[in-house]
K.L.:
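Sharing a structure below in structure tokens format, with a few things to ask.
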Amino acid sequence: MARLPVAPVPRLDHHTLERYETIWLVISVILSLLLFTGVLVSFISGTYQAVRSDGGSASGGHHIAGVKGGRLDPRAIAATPFATPGLRENADGSFEAFIVAKAFAFDPAVLRVPAGRPITIHLTSLDVMHGYMVQGTNINATVIPGQVTSFSVTFRAPGTLSSICNEYCGIGHHNMLARVIVTDPNAPTPAGEQP
Amino acid sequence: MTTTLPRTVRPAAVSEDAAHLTRLKTVTQYYVVTAFLALFIGVLIGPLQALNYGGINVYEFPLLKALLKSYYQGLSLHGVLNALVFTQFFISGWMLYLPVRDLGVRINLRFAWFTYLMMTAGLLLAAVPLLTNQATLLYTFYPPMQGSPLFYIGAAIMVAASLLVAGQVIWVWWQWKRAHPGRVTPLVTYMCVATWMMWLVASLGLVTEVVVMLIPWSLGLTAGVDPLLAKTLFWWTGHAIVYFWLLPAYISWYAFVPRHAGGRLISEPLTRLTFALFLLNSTPVGLHHQYSDPNISVLWKVLHMFLTFLVAIPSLLTAFSVAASLEDAARAKGGRGVVGWIRYLPWGNAIFSAQVLAMISFILGGAGGIVNASSTFAPVIHNTAWIPGHFHITVGTATTLTFIGIMFWLIPHLTGKRLPSMKLASASVWTWFLGMMVFALGMHWQGLLGVPRRAQISATGSDVYRDLPIAVPQLLTAISGVILLVSALIFFYVLFRMLLSPRVDQGEVTTPLPYSEVLSPAGENLAQASRLVRLTEPLLALWVAALLLVLLMYGPVLLGMVTDLQAVPGWKLY
């Protein structure tokens with residue numbers, strides 16, 4: 001390509017750049033603050049449910065037996081509700097689900113939950129760290145031996161979802177899968193099936 | 001081009017002793033070449049991982065099975081060699097050599113050799129369990145998954161060696177300060193010392209985790225370990241370590257890339273501010289890796305998130321400053337228009353293009369990083385394939401491709417050997433960038449659809465991944481593995497040919513350190529310097545402030561965990 005003859009171009013000078021620099025710095029700071037505000041708004045509007053900082057200790061007013069300060073002894077879960085994992089309905093009508101992770105499976109392998117009802121999920125591990133991610137939802141939590149991970153969630157539509165361990169847990173990690181079946185609470189329970 | 005503008009350093013070569021310089025260059029060369037040998041092994045394993053995320057399981061081939069017991073062992077080697085070994089060796093050599101040359105001082109070379117040998121001994125010690133499947137823990141080695149004590153001891157020795165390099169550089173700088181009262185620290189030294197100081201604050205978490213918790217536990221001296229406390233200490237270091245990988249690349253982008261382009265470094269005071277902000281703010285951000293973890297106060301997670309957003313600011317300043325340097329260079333060569341000047345940059349020079357492609361990659365990686373740091377986005381992408389997609393365009397390209405570009409002039413500079421082929425060097429650089437872009441696209445995409453990271457999904461028995469619409473991103477990921485393998489083979493051919501060629505030049509004459517001219521220098525005397533220069537000069541005070549800030553942001557979190565300690569036994573499930 002033939003270049004046109006060009007006159008000497010004036011080079012960038014200190015004062016011009018300093019002005020642009022300052023403008024850019026102000027934009028950067030405002031962007032960071034806006035990001036932070038955006039996240040806080042998402043907290044307040046309830047689109048985001050944080051993992052609780054007191055796993056199991058004060059779950060919706062229900063104290064979990066054998067759990068103290070969000071901690072339990074992974075060798076002594078017999079004294080806790082994790083001994084009989086699955087969904088339960090409390091006397092006040094609230095739902096709680098207990099899930100145990102262990103290389104390389106979740107117990108229960110199939111969790112049935114009613115759609116449209118808030119459910120508090122409690123997780124713990126009997127061996128190493130695991131992850132609990134439910135595809136198509138915002139559920140994504142770490143499962144740690146000796147600790148209880150608790151959060152609340154409402155499954156909106158009936159269907160079958162995959163839950164996947166997403167924290168490396170050993171040679172069978174990629175086969176550590178389970179399912180969540182969200183049922184329509186208004187439909188009659190099929191005969192012979194327990195929720 | 002005018003030559004009357006002040007340089008970033010005064011010519012110091014006159015007082016340098018030739019024998020000292022030769023020996024300094026040798027130890028530097030040992031560091032950087034060891035780094036690239038680790039990268040060589042590490043990247044050869046990479047395509048196996050890419051093919052896994054392409055849905056192709058190659059770990060069943062008999063030859064491979066004889067070498068690597070599992071996908072997870074391959075992944076552990078890939079991660080440890082590339083992210084931990086390659087970076088640390090290169091950075092130690094790079095940030096030892098630069099400040100010593102910058103200040104024109106003599107150092108205790110025996111000590112420098114000692115740190116190199118110690119780091120190498122740590123590496124070899126850790127390599128034994130890694131290669132024998134006794135430490136298949138991935139590079140995060142979260143307990144209670146337990147590895148051989150040799151792995152933890154080797155890693156501790158390696159990190160300790162890097163802290164000794166840090167100590168030597170800070171000591172050399174401090175001696176220079178005492179000998180030159182009232183002088184402004186030269187910019188390259190300033191950037192190196194600030195980065196080393198940041199690493200000293202940042203590494204405390206990892207050192208505590210490994211020395212106090214993991215080594216005694218793996219030796220059987222303690223019965224159990226608290227996995228949440230260990231993970232929290234890990235991320236004290238684990239996020240700041242990415243700045244320990246990134247800032248050495250920034251040093252090159254600020255000080256040397258303008259010279260490769262034919263432009264000027266824009267502002268020394270602003271550059272110093274950037275590094276001062278990184279020193280203060282790199283470490284107290286680690287909880288943003290733990291949004292999914294239980295039993296950590298949401299308030300502390302949010303505070304760390306806020307500081308993480310703030311640490312984007314020095315990177316945004318860098319983007320401005322470096323882009324202005326490039327524009328300055330292109331316009332000096334006659335470039336015009338709002339974007340037309342970009343064509344006037346030396347894209348055929350692999351030293352330049354490697355580093356500018358690294359910057360472009362980091363713009364995308366940084367944007368993705370802000371998504372990761374936001375606690376409300378995190379559940380969508382946490383521990384999904386998005387994350388390896390993210391760090392292959394940050395550490396895997398922004399850092400690695402910059403170091404690759406640096407090698408094309410650093411080896412000729414250190415040894416007097418010549419780059420055998422600029423065309424091949426360019427081919428390796430452009431294919432690396434292309435491969436990583438395709439890889440990142442495939443992996444980010446799969447992650448958004450819910451494919452987990454670090455999982456041998458190509459061997460998963462159930463239909464869970466076959467039911468997902470991931471055929472296109474899987475194909476992209478598999479293709480990228482092949483592109484990157486070709487790129488790596490070209491690069492290592494160029495590198496090894498260069499290293500094995502005879503010395504033909506005087507490195508100091510034919511390839512001097514590529515210092516750039518400066519548009520707005522900091523000046524030499526503190527008394528006449530601007531307020532910003534005077535404020536950023538007391539690095540020791542900034543270091544203490546950084547330490548206090550991290551104690552403030554981590555103290556209450558860790559205290560709560562220590563008082564509620566829940567030790568659990570170890571497991572070996574690989």
Side-chain angles (χ1 to χ4, degrees), chain A residues 3 6 9 11-14 17-18 20-21 24-25 28-29 31-32 35-36 39-40 42-43 47-48 50-55 69-74 103 127-129 131 133 135-136 138-142 144-150 162 164-171 173-175 177, chain B residues 70 72 138 142 144-145 226-228 266-267 270 290-298 301-302 305-306 309-310 312-313 316-317 320 324 327-328 331-332 334 336 370 374-376 378-380 382-384 450 452-457 459-462 464 519-520 564 566-568 571 573-574:
Chain A
R3 283 188 189 159
V6 285
V9 187
R11 298 193 71 178
L12 297 167
D13 69 85
H14 172 73
L17 270 168
E18 197 170 56
Y20 287 143
E21 229 168 69
W24 178 252
L25 178 62
S28 303
V29 173
L31 276 177
S32 296
L35 269 168
F36 186 63
V39 176
L40 291 187
S42 186
F43 268 86
T47 49
Y48 168 67
V51 173
R52 292 208 187 136
S53 54
D54 58 344
R71 271 87 171 163
L72 51 67
D73 183 344
D127 40 44
V128 293
M129 276 199 199
M133 170 171 76
Q135 280 183 334
N138 276 351
I139 298 174
N140 196 337
T142 317
I144 304 178
Q147 316 265 337
V148 177
T149 306
S150 302
S162 297
I164 297 173
C165 173
N166 66 358
E167 191 72 79
Y168 167 65
C169 60
I171 197 73
H173 167 52
H174 48 278
N175 282 319
L177 304 157
Chain B
S70 71
Y72 300 102
L138 309 186
Y142 293 147
M145 191 75 86
D226 184 313
L228 182 64
I266 293 307
S267 163
L270 187 75
Q290 297 184 268
Y291 293 138
S292 303
D293 289 2
N295 302 334
I296 300 172
S297 148
V298 176
K301 289 178 179 173
V302 169
M305 175 174 67
F306 180 62
F309 288 156
L310 286 189
I313 290 171
L316 287 164
L317 289 178
F320 175 88
E327 185 176 344
D328 180 54
R331 293 205 188 283
R336 296 203 157 188
I370 287 175
S374 149
S375 63
T376 44
V380 182
H382 172 72
N383 271 0
T384 68
R453 75 188 278 201
R454 300 174 147 183
Q456 194 182 9
I457 61 161
T460 294
S462 95
V464 55
L519 179 60
S520 308
D564 231 343
Q566 182 66 54
V568 300
W571 295 78
L573 301 174
Y574 45 87

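As the structure is a prediction and not an experimental result, all values here were calculated from the model. Order of the sequence lines fixes the chain letters, A, B, ..., with proteins taken first and strands second; residue numbering starts at 1 for each chain.
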K.L.:
Under 3.5 Å, is there a donor on one side chain and an acceptor on the other for A/H14 and B/S520?
P.N.:
yes

K.L.:
When heavy-atom pairs shorter than 4.5 Å are enumerated against chain B, which of A/N175, A/I144, A/D127 gives the highest number?
P.N.:
A/D127

K.L.:
Rounded to the nearest 0.5 Å, how far apart are OG of B/S70 and NE2 of A/H174?
P.N.:
9.0 Å

K.L.:
Looking at NE2 of A/H173 and OG1 of B/T460, how far apart are the two atoms once the value is rounded to the nearest 0.5 Å?
P.N.:
8.5 Å

K.L.:
Under a 3.5 Å distance rule, please check whether A/N166 uses its side chain to pair with a backbone N or O of B/P452 as donor and acceptor.
P.N.:
no

K.L.:
For B/Q456, which residues count as a side chain to side chain donor-acceptor pair (under 3.5 Å) partner, sequence neighbours excluded?
P.N.:
B/N57

K.L.:
Between A/L17 and chain B, with a heavy-atom cut-off of 4.5 Å, which part of the residue counts as in contact: side chain, backbone, both or neither?
P.N.:
both

K.L.:
With a 4.5 angstrom heavy-atom cut-off, is it the side chain or the backbone of B/Y142 that approaches chain A, or both, or neither?
P.N.:
side chain

K.L.:
Any sub-3.5 Å donor-acceptor pair from B/W571's side-chain atoms to A/C169's backbone N or O?
P.N.:
no

K.L.:
Run the side-chain contact (heavy atoms from CB on, under 4.5 Å) test against A/V39 and tell me which residues pass, sequence neighbours left out.
P.N.:
A/F43, B/M305, B/F309, B/S374, B/S375, B/T376

K.L.:
Considering only heavy atoms, which portion of B/L317 lies under 4.5 Å from any heavy atom of chain A: side chain, backbone, both, or neither?
P.N.:
both

K.L.:
Stepwise, does the side-chain contact (heavy atoms from CB on, under 4.5 Å) test hold for A/F36 with B/L310?
P.N.:
CA-CA 10 Å; A/F36 186 63; B/L310 286 189; over 6 Å; no

K.L.:
If I measure from the heavy atoms of chain B, does A/Q147 come under 4.5 Å with its side chain, its backbone, both, or neither?
P.N.:
both

K.L.:
May I ask you to decide if B/P379's main-chain N or O and A/N138's side chain share a donor-acceptor pair within less than 3.5 Å?
P.N.:
no

K.L.:
Has B/D293 got a side-chain atom pairing as donor or acceptor with A/T142's backbone, closer than 3.5 angstrom?
P.N.:
no

K.L.:
Determine, step by step, whether B/I313 and A/L25 satisfy the side-chain contact (heavy atoms from CB on, under 4.5 Å) criterion, reporting the C-alpha distance in whole Å, the side-chain angles of both residues, the deciding distance to 0.1 Å, and the verdict.
P.N.:
CA-CA 8 Å; B/I313 290 171; A/L25 178 62; 3.9 Å; yes

K.L.:
Given a strict heavy-atom distance threshold of 4.5 Å, which part of A/L40 is in contact with chain B: side chain, backbone, both, or neither?
P.N.:
side chain

K.L.:
Is A/D13 in contact with chain B via its backbone, its side chain, both, or neither, using a 4.5 Å heavy-atom distance?
P.N.:
backbone

K.L.:
Heavy-atom pairs under 4.5 Å with chain B - which of A/E21, A/M129, A/M133 has more of them than the others?
P.N.:
A/E21

K.L.:
Would you mind checking which part of A/E167 comes under 4.5 Å of any heavy atom in chain B, side chain (CB onward), backbone (N, CA, C, O), both or neither?
P.N.:
both

K.L.:
Select, from A/V29, A/I164, A/V128, the one with the greatest count of heavy-atom pairs under 4.5 Å involving chain B.
P.N.:
A/V128

K.L.:
Using non-hydrogen atoms and a 4.5 Å limit, figure out which bit of A/L35 sits close to chain B: side chain, backbone, both or neither.
P.N.:
both

K.L.:
Non-hydrogen atoms of chain B under 4.5 Å away: do they reach the side chain of A/A50, the backbone, both or neither?
P.N.:
side chain

K.L.:
Quick one: which of A/P74, A/G131, A/P145, A/C165 has the most heavy-atom pairs under 4.5 Å with chain B, could you say?
P.N.:
A/P145

K.L.:
Under 4.5 Å heavy-atom distance to chain A, tell me which part of B/Y72 shows up: side chain, backbone, both or neither.
P.N.:
side chain

